[in-house]
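One structure is given here, and the rest of the page talks about it.
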Amino acid sequence: MATALMAKFRRTRIGSSGAFESLRQLAGLALIFLIAIVLSPRAHDNNSIIFLSEANLTDIVRQVSENGIIAIGMTFVILTGGIDLSVGSMLALASTFAAKLLMQWPTQGNWASHITVIIAITLVLAASIGALMGFAISKLKVQPFIITLAGMIGLRGLARFLTDNANVDIGFGKDITAAFCNAISQKGVVMLTFALLAVVFYIILSRTVFGLQVRSVGDNPTASRYAGLPVTRTLIFTYALCGFLVGIAGVIHAAQNHQGNPNDGVGYELDAIAAVVIGGTNMSGGKGSIFGTIVGVFILGVITNMFRLKGVDINVEMMCKSVIIVVAVWLQMPRTKS
């Protein structure tokens with residue numbers, strides 16, 4: 001059995017979408033990129049293309065980083081045949097929890113170690129909540145939609161309860177919260193964190209036994225159980241992994257916004273799911289890749305940036321994105337002869 005699994009693992013190292021699928025995804029991103037260049041306004045001083053400016057391109061990467069980190073975790077969840085509707089509320093909880101600890105936990109020792117401990121506690125909390133939802137899904141046999149919907153409601157309530165429905169403002173002055181925000185909200189730090197996580201979890205999904213188990217569970221959970229795969233453990237760890245990544249996004253969110261807001265993160269689950277779907281991951285599980293998800297994240301990011309540069313109404317932007325999502329799913333559907 002182990003030999004068969006490893007043989008299958010070696011055959012799927014490049015990802016279930018294959019090289020052709022990756023090229024097709026890149027072609028889609030390149031097309032959107034070219035459209036953005038054509039439609040971009042010009043600078044008044046030298047008639048240069050604003051979209052191609054270094055500041056704008058790095059801003060795109062920074063702006064998509066939070067959604068990108070969440071989407072990486074969502075990719076693993078959807079590959080198991082599940083879904084996580086709680087990530088927006090989880091982000092709000094993680095950001096408010098970290099902000100509250102920074103404000104109320106007395107500083108002991110140097111600020112760097114104190115901030116590290118607070119971040120670690122926040123990530124452990126988020127991962128533990130994710131693991132609890134994974135346990136409920138695998139053991140109670142309740143659909144992921146229901147469990148994570150309950151999580152979306154409950155975690156939002158918990159975030160509001162912790163802060164008495166108020167924002168926790170941080171990062172003003174010269175205290176530890178200012179050091180936290182100044183260090184983590186830097187553009188280079190945010191972009192590098194996103195890039196490193198993308199590489200690490202690409203390797204985990206495409207080149208480890210756990211990645212194969214995730215795909216196998218999503219492809220056929222019943223056959224996976226008969227084959228002796230640890231389905232329950234895989235689901236628990238997958239949702240814990242998603243919670244952990246949302247926790248990282250929550251910490252970055254708090255630092256960039258200088259506050260923990262229990263009402264933040266609304267709709268983030270939809271943005272993450274959209275990026276995963278546009279990137280080619282099958283909503284029924286088993287097929288998809290981190291590479292595709294990253295492409296999907298940047299497609300949405302470039303489109304958003306293009307609309308903002310042109311001053312397009314945000315409601316029109318939302319309508320256009322809805323069409324893009326439907327078309328992306330339709331293009332991935334298997335074609336059958338009538």
Side-chain angles (χ1 to χ4, degrees), residues 12-36 51 56-80 83-84 87 91 187-208 210-211 214-215 218 238 241-242 244-250 252-253 268-283 285-306 321 324-325 327-329 331-332:
T12 59
R13 286 182 65 176
I14 62 171
S16 59
S17 59
F20 178 78
E21 183 68 21
S22 298
L23 288 174
R24 191 175 71 168
Q25 291 160 353
L26 282 176
L29 176 58
L31 177 61
I32 297 297
F33 199 86
L34 288 174
I35 293 173
F51 175 79
N56 185 65
L57 292 177
T58 54
D59 277 344
I60 292 175
V61 181
R62 179 177 188 166
Q63 289 161 6
V64 304
S65 291
E66 284 183 28
N67 183 43
I69 293 170
I70 296 172
I72 291 171
M74 188 69 75
T75 303
F76 279 81
V77 168
I78 293 179
L79 279 171
T80 65
I83 198 166
D84 192 346
V87 294
L91 177 134
K187 184 183 291 189
V189 173
V190 174
M191 294 191 300
L192 181 60
T193 300
F194 176 38
L196 287 176
L197 290 173
V199 171
V200 168
F201 286 97
Y202 169 83
I203 294 172
I204 290 175
L205 182 59
S206 62
R207 303 195 176 190
T208 68
F210 172 71
V214 167
R215 295 183 190 279
T238 297
L241 188 68
C242 186
F244 175 80
L245 288 167
V246 176
I248 294 176
I252 293 173
H253 185 83
Y268 275 44
E269 62 280 350
L270 301 181
D271 290 337
I273 293 170
V276 174
V277 170
I278 290 173
T281 298
N282 194 325
M283 287 297 292
K287 175 183 178 294
S289 68
I290 296 298
F291 178 82
T293 293
I294 300 305
V295 171
V297 166
F298 277 104
I299 286 176
L300 288 177
V302 170
I303 290 173
T304 299
N305 182 263
M306 177 176 60
K321 284 184 178 179
I324 292 169
I325 293 169
V327 171
V329 174
L331 289 174
Q332 296 166 31

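It should be emphasised that the depicted structure is a prediction, and the values quoted were computed from it without experimental measurement. FYI, the numbering just counts along the sequence from 1.
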[atom1] of [X] to [atom2] of [Y]: how many Å apart, nearest 0.5 Å?
X      : Y      : atom1 : atom2 : answer
Thr304 : Asp271 : OG1   : CG    : 7.5 Å
Ser206 : Ile290 : OG    : CD1   : 8.5 Å
Met306 : Asn56  : CE    : CG    : 12.0 Å
Glu66  : Ile248 : CD    : CD1   : 12.0 Å
Ile32  : Ile35  : CD1   : CD1   : 4.5 Å
Ile203 : Thr208 : CD1   : OG1   : 10.0 Å

Which atom pairs, donor and acceptor, lie under 3.5 Å between side-chain atoms of residues 187-196 and protein residues at least two apart or in another chain?
| unit_1 | atom_1 | unit_2 | atom_2 | d |
| --- | --- | --- | --- | --- |
| Lys187 | NZ | Thr58 | OG1 | 3.0 |
| Lys187 | NZ | Asp59 | OD1 | 2.9 |
| Thr193 | OG1 | Val189 | O | 2.7 |

[X] versus [Y], closest heavy-atom pair with distance:
X      : Y      : answer
Ala198 : Ile294 : CB-CD1, 4.0 Å
Leu205 : Gly288 : CD2-O, 4.5 Å
Thr281 : Ser289 : OG1-N, 3.8 Å
Asp84  : Cys242 : OD2-SG, 3.7 Å
Ala275 : Val297 : CB-CG2, 3.6 Å

Stepwise side-chain contact (heavy atoms from CB on, under 4.5 Å) test for Ile204 and Val200: CA-CA 6 Å; Ile204 290 175; Val200 168; 3.9 Å; yes
Test side-chain contact (heavy atoms from CB on, under 4.5 Å) applied to Phe298 and Val61, step by step: CA-CA 8 Å; Phe298 277 104; Val61 181; 3.9 Å; yes
Tyr268 and Val246, any side-chain heavy atoms less than 4.5 Å apart: no
Verdict with supporting geometry, Met283 and Val276, side-chain contact (heavy atoms from CB on, under 4.5 Å): CA-CA 9 Å; Met283 287 297 292; Val276 174; 5.9 Å; no
Phe244 atom CZ: more than 12 heavy-atom contacts under 6.0 Å: no
Side chain Gln25, main chain Gly279, donor-acceptor under 3.5 Å: yes
Side-chain donor or acceptor of Asn67 paired with backbone N/O of Ala272 under 3.5 Å: yes
Step-by-step side-chain contact (heavy atoms from CB on, under 4.5 Å) determination, Leu300 to Val64: CA-CA 8 Å; Leu300 288 177; Val64 304; over 6 Å; no
For Phe51, all residues meeting ring pair (Phe, Tyr, Trp, His ring centres under 6.0 Å), sequence neighbours excluded: Phe33
Side chains of residues 70-80: which donor-acceptor pairs under 3.5 Å do they make with residues two or more places apart or in other chains?
| unit_1 | atom_1 | unit_2 | atom_2 | d |
| --- | --- | --- | --- | --- |
| Thr75 | OG1 | Ala71 | O | 2.7 |
| Thr75 | OG1 | Thr293 | OG1 | 2.7 |
| Thr80 | OG1 | Val77 | O | 2.5 |

